[in-house]
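The structure under discussion appears below in the form of structure tokens.
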Amino acid sequence: MTVTREDTGRRAAFPPGFVWGVATAAYQIEGAAAEDGRGPSVWDTFSRVPGATARGESGDVACDHYHRWPQDLDLLTGLGVGAYRFSVAWPRVLPEGRGRVNRRGLDFYRRLADALRERGISPFVTLYHWDLPQALEDAGGWRDRDTALYFADYAALVQEAIGHTEPHWITLNEPYCSSIVGYAEGRHAPGAREGHGALAAAHHLLLGHGLAAARLRERGSAREPIGITLNMSPAVPGGDGPADVAAARRLDLLVNRQFTEPLLAGRYPEDLAEVFGPISDLSFHRDGDLEVISAPLDFLGVNYYYRLHAVAAPYAEPDPARRAACDIGVRTVDPDGARTSGLGWVVEPQGLRDTLTGLAARYPGLPPVHVTENGYGDRGELDDQGRIAYLGDHLAAAAGALADGVDVRGYFCWSLMDNFEWARGYDARFGLVHVDYATQERTPKASYRWFREYIREPRRNAVS
Ligand code: IFM
């Protein structure tokens with residue numbers, strides 16, 4: 001069945017009660033990096049490493065949301081969203097990651113969550129969007145099992161402070177990035193290029209999710225749904241031969257199944273040892289971990305941006321024992337004539353529908369799904385027709401998945417406003433609202449107005 005933007009890509013294609021929202025993350029918008037007792041995170045450290053981020057940029061000031069949040073909440077109200085996904089900065093509430101609590105940090109998030117509720121906007125709270133307290137990284141970071149235990153303590157602390165606002169809890173954002181991109185590719189904090197360490201990080205992030213989810217469930221009310229957000233990128237062969245098919249399968253393992261199999265099926269992927277055996281004995285897997293990790297979720301968050309087209313390639317490191325975990329004999333290619341975003345990312349809306357229907361097919365009993373991120377990057381045009389086309393086509397794809405029977409409950413556009421795009425710095429912009437970083441002036445783009453119209457409830461005819 002082909003679903004076009006015209007036939008299902010309208011508000012009417014989504015059921016009553018569908019959640020419409022926008023998303024942000026603490027380090028990307030807050031700024032105030034050294035204020036009110038916040039401790040340093042791995043991103044504060046990493047962004048100071050020469051060459052680590054474009055133009056040496058950091059989240060020191062970002063969108064200054066820490067001071068301007070009431071104005072940013074006005075933008076949410078003006079947009080008409082029913083939900084706002086933001087993240088809590090672990091080092092703002094626990095400057096050393098554990099032990100000493102920074103009440104001023106907790107107060108900030110309490111004020112924010114209370115104000116959202118007062119405006120009739122549901123908080124979707126991500127507990128970890130990559131800003132590990134530096135003190136914990138110094139002690140081993142996510143390579144170390146204890147970090148998962150500290151994460152659960154931190155989650156319980158945040159729940160005490162804002163659980164009364166009945167948020168949806170998202171334990172982790174994109175553990176693929178915080179493990180493989182951070183500990184294997186080194187493109188993100190903490191900038192490591194490791195084999196075993198990155199795989200241990202991936203596992204300990206999942207364990208941290210499971211431990212935190214159990215604590216939240218133990219102490220929270222039934223009105224605080226608990227989930228996790230994964231970045232899903234279908235890996236498809238970029239060529240015809242069996243070697244490319246095998247390459248796509250390895251990439252699917254690295255990016256997707258490494259996380260979905262333990263979480264949603266309570267098992268490790270069948271090819272995990274085959275692909276990663278040369279760099280790790282996987283000794284960080286302990287008895288009982290899978291039960292913790294696979295405890296039922298109230299929802300799954302899916303972030304979708306693009307598909308990956310994989311072809312077989314030589315390993316970068318000939319000695320298997322010295323390979324980084326991302327060195328799996330795969331190269332990605334862009335399909336000929338591909339449509340691309342303003343940042344050159346391949347645009348394939350069908351990949352969102354395939355992701356959602358593929359999850360439902362592979363995992364019977366899949367929990368309800370929220371698309372917790374989807375968005376378009378460019379250099380900051382105010383008349384951002386490329387973003388409008390991207391969002392419209394991906395909403396049609398989400399509607400297509402609904403038509404296929406997938407229980408999709410919500411859609412969050414990334415992002416409310418332009419922000420610090422990690423290693424790419426401020427030049428790459430994903431916002432519905434433009435931010436002038438020199439003045440901090442916010443200007444809604446054409447896509448802001450378009451999204452507002454798109455999600456608006458159909459008006460009732462006042463004359464009966
Ligand atoms: O900006 C990021 C976000 O932090 C995580 N998901 C992808 C976005 C765009 O790259």
Side-chain angles (χ1 to χ4, degrees), residues 21-31 41-44 46-47 52-54 57-59 62-63 65 84-90 124-132 170-182 185 187-190 205 227-234 255-256 259 300-308 332 340-348 351-352 355 370-380 384 386-387 390-391 394 410-435 437 445 447:
V22 286
T24 63
Y27 190 71
Q28 294 180 271
I29 64 167
E30 283 180 4
S41 77
V42 288
W43 270 94
D44 295 280
F46 181 68
S47 56
T53 66
E57 290 168 351
S58 75
C63 305
H65 170 78
Y84 174 50
R85 176 177 175 232
F86 65 93
S87 82
V88 173
W90 186 349
F124 276 58
V125 179
T126 309
L127 288 163
Y128 185 67
H129 200 122
W130 308 352
D131 41 4
L132 185 70
I170 296 173
T171 53
L172 306 176
N173 178 69
E174 302 183 355
Y176 167 76
C177 293
S178 33
S179 56
I180 303 302
V181 184
E185 291 183 26
R187 283 191 295 117
H188 280 184
L205 277 153
I228 180 173
T229 280
L230 303 177
N231 47 323
M232 304 288 305
S233 298
V255 178
N256 302 314
F259 303 95
L300 176 69
V302 170
N303 292 355
Y304 173 80
Y305 289 87
Y306 42 66
R307 272 201 285 228
L308 297 167
T332 56
T340 52
S341 77
L343 297 180
W345 295 9
V346 172
V347 174
E348 291 182 310
L352 174 57
T355 297
H370 285 276
V371 177
T372 41
E373 278 183 37
N374 176 237
Y376 177 92
D378 62 17
R379 303 289 169 195
D384 51 343
R387 177 166 294 107
Y390 179 100
L391 295 178
H394 285 77
Y411 175 93
F412 291 71
C413 174
W414 181 270
S415 178
L416 168 63
M417 56 189 163
D418 296 339
N419 55 52
F420 176 66
E421 178 56 17
W422 308 107
R424 293 168 189 268
Y426 291 99
D427 202 26
R429 293 171 179 262
F430 282 82
L432 298 177
V433 174
H434 179 272
V435 177
Y437 295 109
K445 303 178 188 175
S447 58

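Everything numeric here is computed off the predicted structure, so don't read it as measured data. Just follow the structure's listing: the first ligand is 1, and inside any ligand the first atom is 1.
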Check: How are the rings of Trp422 and His129 set to each other: parallel, tilted or perpendicular (split at 30° and 60°)?
Finding: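 The rings of Trp422 and His129 lie parallel, inter-plane angle below 30°.
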
Next item on the list: Please work out which of the three classes, parallel, tilted or perpendicular, describes the rings of Phe124 and His370, given edges at 30° and 60°.
Entry: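 His370 vs Phe124 ring planes: perpendicular.
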
Notebook entry, point to check: Contact residues of ligand 1 with a heavy-atom cut-off of under 4.0 Å?
Noted result: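 Shell around ligand 1 (4.0 Å, heavy atoms): Gln28, His129, Trp130, Asn173, Glu174, Tyr305, Trp345, Glu373, Trp414, Glu421, Trp422, Phe430.
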
Notebook entry, point to check: Tyr411 and Asn374: which non-hydrogen atoms are nearest, and at how many Å?
Noted result: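 Minimum heavy-atom separation between Tyr411 and Asn374: OH-OD1, 2.6 Å.
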
Next item on the list: Please name all residues satisfying ring-ring contact (aromatic ring centres under 6.0 Å, His included) with Tyr304, sequence neighbours left out, ordered by chain then number.
Entry: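 Expected list: His394.
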
Checklist line | Any residue meeting ring-ring contact (aromatic ring centres under 6.0 Å, His included) with His65, in chain and number order, not counting sequence neighbours | finding: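 None.
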
Next item on the list: Applying side chain to side chain donor-acceptor pair (under 3.5 Å), name anything that partners Thr372, two or more places apart in sequence or on another chain.
Entry: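 Partners of Thr372 by the side chain to side chain donor-acceptor pair (under 3.5 Å) criterion, ordered by chain and then number, come out as Thr229, Asn303.
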
